[in-house]
Amino acid sequence: MGYWGTVVVARPTGLLVDQDGMSGFGHQHHWLRDLGDGWQLVETSGWKDPPDLLGPCGAVVASTGHPVFVA
């Protein structure tokens, strides 16, 4: 059994899935969750998720103005 996907946590002004750079984390966004205080979690799935997360992280940080955690 394995896990293919990415977990993204950020603090956007709108929905996290609508922020610039989110398409760089994977092609299927699932499980948008409100974590409170404006923070949201999105889980992507798909075996084609990119191995380099630095580019999409930078785009989401620029879009939200807040830190991003990705795993």
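Just so you know, these numbers use all the heavy atoms, side chains as well, and skip hydrogens, waters and symmetry mates.
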Is a donor on one side and an acceptor on the other found under 3.5 Å between the side chain of S63 and the backbone of A59?
-> no
Which residue, V42, V68, T64, forms the side-chain contact (heavy atoms from CB on, under 4.5 Å) with Q19?
-> T64
Validation row: F25, C57 side chains within 4.5 angstrom (heavy atoms) | yes
Interatomic distance, R11 atom CZ to L35 atom CG [nearest 0.5 angstrom] = 11.5 Å
Closest heavy-atom contact between G21 and P56?
-> O-CB, 3.7 Å
Same hydrophobic cluster for V7 and W31, using side-chain heavy-atom links shorter than 4.5 Å among ILVMFWY?
-> no
If you round to the nearest 0.5 Å, how far is CG of L32 from CG of L41?
-> 8.0 Å
Is there a donor-acceptor pair closer than 3.5 Å between any side-chain N or O of T44 and the backbone N or O of T6?
-> yes
For the pair H66 and V61, evaluate side-chain contact (heavy atoms from CB on, under 4.5 Å) and give the outcome as yes or no after the intermediate values.
-> CA-CA 6 Å; H66 293 282; V61 167; over 6 Å; no
Quick one: does Q40's side chain have a donor or acceptor within less than 3.5 Å of a partner on L16's backbone?
-> yes
